[in-house]
A.B. asks: 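Once you've had a glance at the structure underneath, I'll fire off some questions.
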Amino acid sequence: MKKYLSIASLVCLLAACSSTPTDPNWRPDMVGANFGKYPTNYPELIKQWGSNHFDDAKAINYVSMSSPREEYLVEDSEKQQAIFGYSVCVNIGGVKSEGYYKPFKKYWFFIRNGKVIEQRDLEYGYNKVIYRDHKINCDDVN
């Protein structure tokens with residue numbers, strides 16, 4: 001029994017050592033990044049997303065939207081790959097949830113080349129982090 005336990009421990013140790021370590025301090029190069037075309041039509045893109053994802057699109061009120069800012073999402077931290085685009089924060093009112101309407105919810109949208117690539121409901125704490133020590137910033141919401 002001890003022999004099998006020793007072999008299993010050795011295999012686990014070797015497997016742990018063989019993985020490629022990731023640099024916890026890695027950040028993509030924002031200087032040479034290609035963010036794509038600036039989304040001048042971002043209000044329409046977000047409203048189109050809302051009409052496709054909410055039960056009653058006519059009841060939704062887009063209370064405030066930030067201006068698009070250059071941003072990145074990490075696709076693969078081990079390979080150090082990121083996708084660049086623009087982020088927008090939006091306060092949306094009239095969101096139906098569990099049978100009643102909430103006065104407003106804050107959402108974050110990531111836009112690249114005229115498409116919403118990712119969105120997050122910022123009501124949940126874990127959705128407020130894009131990457132290690134890189135939090136969503138919605139300070140410039142109008």
A.B. asks: State, with a plain yes or no, whether a side-chain heavy atom of Tyr42 is found less than 4.5 Å away from one of Tyr86.
C.D. replies: no
A.B. asks: Please tell me if the side chains of Met65 and Val90 come closer than 4.5 Å, counting only heavy atoms from C-beta onward.
C.D. replies: yes
A.B. asks: Tell me, do His53 and Tyr107 make a side-chain contact under 4.5 Å, heavy atoms counted?
C.D. replies: no
A.B. asks: Measure the spacing between CZ of Phe35 and CE of Met30 and express it to the nearest 0.5 Å.
C.D. replies: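 That separation rounds to 4.0 Å.
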A.B. asks: Using the side chain to side chain contact (heavy atoms under 4.5 Å, CB included) criterion, which residues pair with Glu44? Sequence neighbours excluded.
C.D. replies: Asn41
A.B. asks: Locate the shortest heavy-atom distance separating Leu45 from Val116; write the atom from each residue and the value.
C.D. replies: O-CG2, 4.1 Å
A.B. asks: Under the side chain to side chain donor-acceptor pair (under 3.5 Å) definition, can you give me all pairs with a residue in residues 109-119, not counting sequence neighbours?
C.D. replies: Glu118-Arg120
A.B. asks: Kindly give the heavy-atom pair with the smallest separation between Asn34 and Phe84, and that separation in Å.
C.D. replies: O-CB, 3.4 Å
A.B. asks: What pairs with Asp76 under side chain to side chain contact (heavy atoms under 4.5 Å, CB included), at least two apart in sequence or on another chain?
C.D. replies: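 Asp76 satisfies side chain to side chain contact (heavy atoms under 4.5 Å, CB included) with Glu78, Lys79, Gln81 only.
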A.B. asks: Which pair of heavy atoms, one from Val31 and one from Asp29, lies closest together, and at what distance?
C.D. replies: N-OD1, 3.1 Å
A.B. asks: With heavy-atom distances below 4.5 Å as the criterion, would you say the side chains of Pro68 and Ile111 are in contact?
C.D. replies: no
A.B. asks: Please tell me if the side chains of Tyr62 and Pro43 come closer than 4.5 Å, counting only heavy atoms from C-beta onward.
C.D. replies: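 No. Closest side-chain heavy atoms not under 4.5 Å.
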A.B. asks: State, to 0.1 Å, how close Gly85 and Phe110 come at their nearest heavy-atom pair, and which atoms those are.
C.D. replies: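 It is N-CZ, 3.3 Å.
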A.B. asks: Could you check whether any side-chain N or O of Ser66 sits under 3.5 Å from a backbone N or O of Cys89, counting only pairs where one atom can act as donor and the other as acceptor?
C.D. replies: yes
